[in-house]
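All values below come from the heavy atoms of this structure, side chains included, with hydrogens, waters and symmetry mates left out.
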Amino acid sequence: MCGIAGCYQQYDGLALAETMNNRIAHRGPDADGVYRFEDGDIRAYLAHRRLSIIDLSSGADQPFTKRGLTISYNGELYNYKELRAELARSGVTFRTSSDTEVVLEAWRRWGPAALTRFRGMFAFAMLDEDSGSLYLARDPLGIKPLYVRRRHGGVIFASELKALVTAIGPELRTDPTAMIASMLYYWLPEQQCAIDGVEKLPPGSWAEFRPDGSSRHETYWRVTDVATEAAAGPPADLRTVIEESVAAHLVADVGVSTFLSGGLDSSLVTVLAKRLDPSIDSYTITFRSQDQKLEAMPDDAIYARKVAQQFGIDLHEIEIAPDVVELLPRIVDILDEPIGDPAAINTLLMCDAARDAGVKVLLSGMGADELFGGYRKHLACVMGAQYQRLPGVLRNGLVGPAVRRLPVTANGRGLRYARWAKRFLTFADLPEEAAFRRSYTMYDAGELAGLLSPNLEPYVGKLIAEHSDIYHDTTLDDHVNRMCLADARMFLPGLNLAYTDRASMAASTEVRTPFVDPIVAQAAFSIPGSEKIHRRQGKLALKKAAEAWLPKEIIYRPKASFSAPLRAWVRNDLRELVDDVLLRGELVGSGFLQQSAVQRLVDDERAGREDYSKQIWQLLTLETWTRHMRSLGVTITSL
């Protein structure tokens, strides 16, 4: 895992490449370099920051040049040994044992068709010095990021948005649509970028930029197509697929550790990794007891300890009790875009601790919930469809009023089931796509528009329509798998993979996700939704597969979220910041947010009438992000 940046056909390209490379130094502390190619009318500058994982020798440092091709590559190719052997049989000679050289030679041999042969996570730039073209490519599911900005007839790019902002901030402006999207979702879909004119190279795609200013963009892998094909075929052998994926993700020339929450996904990855590598150790988080009480959070560490004890795993526990006031601007800077999920803080602090212990690589169970129907929202939407069969007089005259009267706290203790019931009623009566959107977004269309300046209301309708278009862009006839597919296209890359990459790389660590894998994704969509969610049991197919390795106490324990004690933070630690920075902030002052509407959110949260802690945290991060962008010279287009 590394960081890449570069410029193509830019008169100031060398200076920009060096500036961007310095800004992402955290992504690769082991080596760095900038490759300069100037030939006639062609100007190309590729930069790289290296975190050494495979082939630790300096010979594998990047940018890597060989016989007219130069690559700057971020990621890992898990099947590089098999591809290397195939290339060697055709006469290719190698001078390193790195996966980087395999990617370069595979590109030379097969061109963009090589991408379908790669099993891994990656984003890379390839310069073909003979043709003068620059190629950019990204892995199938969007694990590794790549931001692109067309400029002066060419292009600049980087692994992180902050690199582009640092280099050309005064040329940039914020995108109001994306800012509003961050409020709706508390993260940004892949189709949006917080900076106007900057694009995210889509997952499963590649682009070519030519010396004459022309370009083309192609897609080599679409999860929608894979899901359709898999659903029409026989169910996969999940046990074999998952075991093989974990084995593939252990390829490294350094030690590997895991995240272990004690839930199904992380426990499954950890135990399978332990079977293959007895040296595996794990990291988990705990919280202050007073924070757990107010948040009504279960103590997941109990289960993590049970898994560790039963399977002989060395478990490192990290208590999450940060100075959140001090940490807020840091995490906002790290995340690049206004992502309002406090789980990023957990990842950052765990990776900080792991890195301090010398760990470079961690395995995560991320992706299983999206692909196998494991989130509460999936089950809730299925239950919502059943709830709609109840007589309207019962739903609207009895259940609804009773739930709305419930407080969300009592005697300083959070009432988790009251919060869930209130949340359920916000979408239980809606049609399928609208119910799914409302099950995990922060507001309905009217609520979101009510927070914003009236001039911004059209943006809300545009975002709602975009979600509908993506959700319906499938021929799957299965409710559960339609939700899983939408998550694989939006929630997974837009939130979970995004914050995991930024937070882990801020600590110079690599997080690998065995479930976020093209072969696992294909297997997941071969399983009917009725076998993923049955009665009140979510992720059932994966749970049955896990019975080969895990005790049922771990497999069938209640679902817990990878979150943070947000209500405690908002009510206590961040109280003054909410008053001074949010309620008297730039977004309210400019009219982007309506002060009275934001004040009502804060008042209802503090009175315990509603749980708006997540909304308040997101707005606080958006305000902090806006101020940070302005300080870097970016124009704020709030209205």
Side-chain angles (χ1 to χ4, degrees), residues 1-2 4 6 8 30-31 33-40 42 44-48 50-140 144 146 204-211 216 218-221 244-245 247-254 517-519:
M1 185 95 65
C2 306
I4 67 172
Y8 181 70
D30 296 331
V34 176
Y35 179 76
R36 178 177 183 171
F37 181 77
E38 299 172 348
D39 184 22
I42 301 172
Y45 309 90
L46 303 187
H48 191 266
R50 187 180 186 201
L51 181 65
S52 304
I53 305 292
I54 294 174
D55 187 349
L56 309 185
S57 72
S58 61
D61 289 349
Q62 300 182 51
F64 185 89
T65 299
K66 186 180 178 185
R67 293 174 44 222
L69 293 179
T70 298
I71 186 172
S72 185
Y73 162 67
N74 167 32
E76 308 293 351
L77 198 61
Y78 303 125
N79 63 337
Y80 80 98
K81 291 181 180 178
E82 293 85 349
L83 291 173
R84 177 190 174 106
E86 182 178 353
L87 290 165
R89 286 192 296 271
S90 68
V92 176
T93 57
F94 291 88
R95 66 176 192 239
T96 72
S97 57
S98 69
D99 59 332
T100 303
E101 189 174 7
V102 172
V103 172
L104 183 146
E105 290 293 356
W107 189 273
R108 189 195 311 280
R109 173 78 181 278
W110 299 300
L115 297 169
T116 60
R117 295 170 173 259
F118 294 165
R119 184 177 195 176
M121 54 180 182
F122 55 83
F124 66 81
M126 184 82 71
L127 176 66
D128 185 332
E129 296 177 5
D130 291 336
S131 68
S133 288
L134 175 76
Y135 296 88
L136 302 177
R138 193 174 176 205
D139 65 64
K144 292 293 98 189
L146 190 56
S205 74
W206 61 273
E208 178 188 7
F209 300 91
R210 304 185 185 97
R216 65 169 170 159
E218 301 287 346
T219 298
Y220 68 88
W221 195 93
E244 288 178 352
S245 185
H249 284 71
L250 286 172
V251 173
D253 293 330
V254 297
D517 175 89
I519 298 173

Specify the closest pair of heavy atoms between Leu134 and Ala125, including all atoms of both residues, with the distance to one decimal. CD1-CB, 4.2 Å

Is there a side chain to side chain contact (heavy atoms under 4.5 Å, CB included) between Thr100 and Phe124 once you walk through the steps? CA-CA 10 Å; Thr100 303; Phe124 66 81; over 6 Å; no

Rounded to the nearest 0.5 Å, what's the gap from CG on Leu77 to CE on Met121? Could you check? 11.0 Å

Rounded to the nearest 0.5 Å, how far does CG of Leu46 lie from OH of Tyr8? 11.0 Å

Under 3.5 Å donor-acceptor, Glu101 side chain and Thr96 backbone: yes

Tell me, do Leu115 and Trp206 make a side-chain contact under 4.5 Å, heavy atoms counted? yes

Between NE2 of His48 and CD1 of Ile71, what distance do you get to the nearest 0.5 Å? 8.5 Å

Rounded to the nearest 0.5 Å, how far does CZ of Phe37 lie from OH of Tyr45? 10.5 Å

Value for CG (Leu104) from CG (Leu69), rounded to nearest 0.5 Å, stands at 5.0 Å

Answer whether the closest heavy-atom distance between the side chains of Arg119 and Glu82 falls below 4.5 Å. no

Using a distance-only test with no angle check, is there a side-chain donor-acceptor pair under 3.5 angstrom linking Asp128 and Ser133? no

Beyond-backbone contact of Glu129 with Asp39, side-chain heavy atoms, under 4.5 angstrom: no

Report yes if the side chains of Phe64 and Ser72 come closer than 4.5 Å at any heavy-atom pair, otherwise no. no

Salt bridge or not between Glu105 and Arg108? Use side-chain N to carboxylate O under 4.0 Å. yes

Do you know the tightest heavy-atom contact between Ser98 and Ile54? CA-CG2, 4.3 Å

Sidechain-backbone polar pair: Arg138 side chain, Lys144 backbone, donor-acceptor under 3.5 Å: yes

Working note: Glu218 + Glu208, criterion side chain to side chain contact (heavy atoms under 4.5 Å, CB included); need CA distance, chi angles, decisive distance, verdict. CA-CA 9 Å; Glu218 301 287 346; Glu208 178 188 7; over 6 Å; no

When you check the gap from the basic side-chain N to the acidic O, do Arg109 and Glu86 get nearer than 4.0 Å? no

Is there a side-chain contact between Leu87 and Phe94 in this structure, where contact means two heavy atoms from C-beta onward sitting under 4.5 Å apart? yes

In terms of heavy-atom contacts, Leu127 and Gly132 come closest through CD1-O, 4.5 Å

Can you tell me how far the CG atom of Asp253 sits from the CG atom of Asp55, to the nearest 0.5 Å? 7.0 Å

Check the orientation of Phe122 and Tyr220. Use parallel for under 30°, tilted for 30 to 60°, and perpendicular for over 60°. parallel

Is it true that a side-chain atom of Asp30 and a backbone atom of Leu51 form a donor plus acceptor pair closer than 3.5 Å? no

Indicate yes or no: at least one non-hydrogen side-chain atom of Asp139 is less than 4.5 angstrom from one of Phe118. no

Student check: side-chain heavy atoms of Tyr80 and Val251 closer than 4.5 Å: yes

Where do Asp99 and Ile53 land on the side chain to side chain contact (heavy atoms under 4.5 Å, CB included) test, with the steps shown first? CA-CA 10 Å; Asp99 59 332; Ile53 305 292; over 6 Å; no

Residues Arg50, Asp61: salt bridge by 4.0 Å N-O rule: yes

Nearest heavy-atom pair of Gln62 and Tyr73: which atoms, and what distance? OE1-N, 2.6 Å

How close do Ser131 and Pro211 get, counting heavy atoms only, and between which atoms? O-CG, 3.8 Å

Non-hydrogen side-chain atoms of Glu244 and Ile519 separated by less than 4.5 Å: no

